[in-house]
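See below for the structure under consideration.
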Amino acid sequence: MPAPPDIYQNEVDFTALALRYPDFAKKLKANRQLDFSDPESVRQLTKALLHRDFDLTISLPEDRLCPPVRSRAYRNKLEADINARFNYVLFVQRLLDSTQDNYNDAYDPNRKVIGIDIGTGASAIYPLLACRQRPPWLFLATEIDARSKEFAERNVKDNGLASRIKVIGPGSESNAIIPVAELERFERIDILLTNPPFYTSETELQALAKQKARPPNSACTGAPVEMICPGGEVSFVSQIVDESTLPANKTKIQWFSSMLGKLGSVTVIIDKLKETGCTNYAVTEFVQGQRTRRWCVAWSWLGLRPVQAVARGTDAVEKKHLPFPTEMKVLVDADVGATTRKLNEEFTKLDGMEWRWRSGLQAGIGRSMNGDVWSRHARRRQKRREVENHDSMDVETAKHDNNHKEEELPEPNFAFKIMVQPQNAEMMTDVADPTTTVLKLRWLQGQDSTLFESFHGWLKRKLTQ
Ligand SMILES: C[S@@+](CC[C@H](N)C(=O)[O-])C[C@H]1O[C@@H](n2cnc3c(N)ncnc32)[C@H](O)[C@@H]1O
């Protein structure tokens with residue numbers, strides 16, 4: 001049974017937890033509080049909660065990073081950390097659910113997702129959480145540190161997940177982070193995720209620990225080998241961005257993603273993605289209380305676009321750093337029936353657009369293999385071609401015109417979904433206004449935001465004039 005997304009909404013009852021977990025009970029003070037500065041107390045709390053909430057039994061070495069479980073309303077930074085990790089897993093679920101080939105924005109229990117966790121740590125926390133939550137998912141997990149790798153393998157085995165999670169070393173090709181050779185046998189990887197080493201140097205680690213009045217070897221800080229990378233998280237993730245552009249990875253891995261600990265790193269990575277020509281990305285914030293925040297940036301070189309709440313999941317970054325919206329609305333002064341009829345009528349006039357209306361759902365999905373087929377300019381161009389060819393243009397011929405090999409089904413240049421609803425229908429039905437209809441336009445696929453914008457303009461003109 002998957003844990004609910006709001007599992008850590010309320011404070012954990014330490015007394016009840018102590019009754020169930022004797023090792024945790026030994027660490028509970030007489031006043032029923034926990035000493036969060038004591039690594040062993042945090043380790044026992046983590047183990048108890050991972051078992052209680054996710055049915056996971058983990059062994060953690062004393063000298064390696066322990067992913068502490070959030071237990072109370074953010075009284076301590078340590079509490080925030082597993083919540084961030086669980087939130088990352090939930091984010092990945094929503095990202096993948098809303099970017100499926102079948103355009104179905106929901107969990108498909110038959111979809112065999114393959115993930116790769118870079119730097120899985122001793123706990124192997126991401127693959128364990130992800131695989132427990134979603135039974136068909138499989139994971140590869142890389143780890144550079146031999147001691148952490150050994151524990152990660154043990155944790156995978158002890159939880160009966162050895163057939164679904166494989167722990168390997170890092171890429172052997174000239175210091176590559178992504179293990180290209182190991183990925184050769186997979187046709188497609190759905191998600192790459194990582195919680196990168198955070199600190200640029202031992203000096204920075206010591207300085208930040210001092211600032212937070214925390215010993216550098218506390219449970220949260222981890223061993224230097226786990227936490228330090230020259231250039232810190234920006235350098236680690238920048239290398240993954242570079243590796244993501246390699247032909248072997250670019251279209252094989254649908255989504256690349258990374259957790260980031262500093263807001264400044266988020267903008268650096270987004271700038272780098274834009275410079276590299278990436279337009280399909282998502283940025284989100286994992287709310288960890290007032291003091292500790294985490295971010296996540298995900299990017300794809302393929303065209304499937306996530307729902308807006310996933311693509312633009314934070315207010316903390318400037319608008320210019322957010323990806324183009326994937327959802328827009330058109331308000332129509334007519335009832336749902338009339339609007340639906342007009343909508344379908346307009347699509348029958350368009351050549352080169354595949355449009356499927358599902359009346360039971362009051363929604364339709366459209367795809368154009370040839371980009372803009374709706375603007376006046378596009379229709380004039382179309383007419384010229386028809387005269388030249390004495391033939392009409394359809395999706396099939398468009399495929400040939402694009403010089404694609406027949407066996408390779410090309411990605412549509414543009415795909416979208418339209419939902420037709422009475423205005424305010426998502427609120428209470430008795431306040432829905434039957435004389436105004438809202439068309440909810442969702443961008444499903446494509447690289448070019450100007451197409452989405454132009455299509456929204458066309459829809460608005462046709463439906464509101
Ligand atoms: C911040 S820790 C994250 C551990 C775990 N994923 C978590 O969230 O608790 C970063 C991990 O990446 C590992 N690591 C660093 N560089 C790596 C590389 N090039 N390939 C694989 N693992 C690496 C470190 O040993 C460490 O375990």
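Fair warning: this is a prediction, and the values are worked out from it, not measured in the lab. We use all heavy atoms of the structure for the numbers below, so side chains are in, but hydrogens, waters and symmetry mates are not.
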Do Thr340 and Trp357 have side-chain atoms, one donor and one acceptor, less than 3.5 Å apart?
no
With a 3.5 Å cut-off and no angle check, do the side chains of Ser368 and Asn370 form a donor-acceptor pair?
no
Any salt bridge linking Glu187 with Lys252? Criterion: basic side-chain nitrogen under 4.0 Å from a carboxylate oxygen.
no
Pair Thr437, Gln423 - check side-chain hydrogen bond (donor to acceptor under 3.5 Å, both in side chains), show working.
CA-CA 5 Å; Thr437 299; Gln423 196 188 10; over 6 Å; no
Correct closest heavy-atom pair for Leu302 and Ser300 would be N-OG, 3.0 Å
Does this structure show an ion pair linking Glu153 with Lys149, if we count only N-O contacts that are shorter than 4.0 Å?
yes
Salt bridge check, Glu346 against Lys349: does any charged N sit closer than 4.0 Å to a carboxylate O?
yes
Verify whether one side chain among Arg85 and Ser123 offers a donor that lies under 3.5 Å from an acceptor in the other.
no
Using only heavy-atom distances, determine whether the side chains of Ser257 and Trp299 contain a donor-acceptor pair under 3.5 Å.
no
Between the side chains of Asp101 and Arg188, is the shortest nitrogen-to-carboxylate-oxygen separation below 4.0 Å, so that they form an ion pair?
yes
Flag, side chain of Glu275 to backbone of Ile270, donor-acceptor distance under 3.5 Å:
no
Working note: Asp190 + Lys112, criterion salt bridge (charged side-chain N to carboxylate O under 4.0 Å, His left out); need CA distance, chi angles, decisive distance, verdict.
CA-CA 9 Å; Asp190 298 275; Lys112 208 179 194 180; over 6 Å; no
Salt-bridge present (Asp242, Lys272; N to O < 4.0 Å):
yes
Under 3.5 Å, is there a donor-acceptor pair between the side chain of Asn159 and the main chain of Leu128?
no
Smallest heavy-atom separation, Ile58 atom then Asn155 atom, equals CA-OD1, 3.3 Å
Considering all heavy atoms of both residues, which atom of Met419 and which atom of Ala363 are nearest to each other, and what is their separation?
CG-CB, 3.8 Å
Whether the side chain of His456 engages the backbone of Lys329 through a donor-acceptor N/O pair (distance < 3.5 Å, no angle test) should be reported.
yes
Nearest heavy atoms of Ala130 and Val89, plus distance in Å
CA-CG1, 3.9 Å
Could you give me the CA-CA distance, side-chain angles and deciding distance for Ser265 and Glu233, then say whether side-chain hydrogen bond (donor to acceptor under 3.5 Å, both in side chains) is met?
CA-CA 7 Å; Ser265 309; Glu233 58 182 10; 2.6 Å; yes
Say whether, by atom type as modelled, one donor and one acceptor occur between the side chain of Thr142 and the main chain of Ile168 under 3.5 angstrom.
no
By salt bridge (charged side-chain N to carboxylate O under 4.0 Å, His left out) - contacts of Arg134 (at least two apart)
Asp97
Taking the six-membered ring where the residue is Trp, are the ring centres of Phe236 and Phe198 under 6.0 Å apart?
no
More than 12 foreign heavy atoms under 6.0 Å from CG of Asp315: is that the case here?
no
Taking every heavy atom of Gln445 against every heavy atom of Pro412, the minimum-distance pair comes out as OE1-CG, 3.4 Å
Nearest 0.5 Å, what's the CD-NZ distance between Glu327 and Lys417?
9.5 Å
Please assess Thr284 against Trp295 for the test side-chain hydrogen bond (donor to acceptor under 3.5 Å, both in side chains), listing each intermediate value before the final yes or no.
CA-CA 6 Å; Thr284 200; Trp295 286 269; over 6 Å; no
Taking NZ, NE, NH1 and NH2 as the nitrogens, is one of them in Glu285 or Arg293 under 4.0 Å from a carboxylate oxygen of the other?
yes
Which word best sums up how the rings of Trp443 and Phe452 line up, parallel for under 30°, tilted for 30 to 60°, or perpendicular for over 60°?
parallel
Anything under 30° is parallel, anything over 60° is perpendicular, the rest tilted; go ahead and classify Phe347 against Trp355.
parallel
Could you go through the side-chain contact (heavy atoms from CB on, under 4.5 Å) check for Trp255 and Thr99 one step at a time?
CA-CA 10 Å; Trp255 283 100; Thr99 52; 3.1 Å; yes
Taking the side chain from Arg164 and the backbone from Pro135, do they hold a donor-acceptor pair closer than 3.5 Å?
yes
Could you tell me which residues satisfy salt bridge (charged side-chain N to carboxylate O under 4.0 Å, His left out) with Arg94, sequence neighbours excluded, listed by chain and number?
none
If we ignore angles and hydrogens, is there a donor and acceptor under 3.5 Å between the side chains of Asn249 and Trp301?
no
Are the side chain of Glu184 and the backbone of Ala248 linked by a donor-acceptor contact shorter than 3.5 Å?
no
Quick check: closest heavy atoms across Ala124 and Val156, and the distance to 0.1 Å?
CB-CG2, 4.3 Å
In this structure, CG of Asn413 is separated from CE of Met369 (nearest 0.5 Å) by 7.5 Å
For the pair Thr326 (side chain) and Gln308 (backbone), establish whether a donor and an acceptor sit closer than 3.5 Å, ignoring hydrogens and angles.
yes
Measure from the side-chain N and O atoms of Arg367 to the backbone N and O of Phe416, and report whether any donor-acceptor pair falls under 3.5 Å.
no
Exam field: side chain Glu143 to backbone Asp145, donor-acceptor pair closer than 3.5 Å:
yes
Using only atom types and a distance under 3.5 Å, with no angle test, would you say the side chain of Thr267 pairs donor to acceptor with the backbone of Gly264?
yes
Over 60° means perpendicular and under 30° means parallel, so classify the ring planes of Phe286 and Phe91, tilted if in between.
perpendicular
Results of ring pair (Phe, Tyr, Trp, His ring centres under 6.0 Å) for Tyr126 - residues two or more places apart only
Tyr88
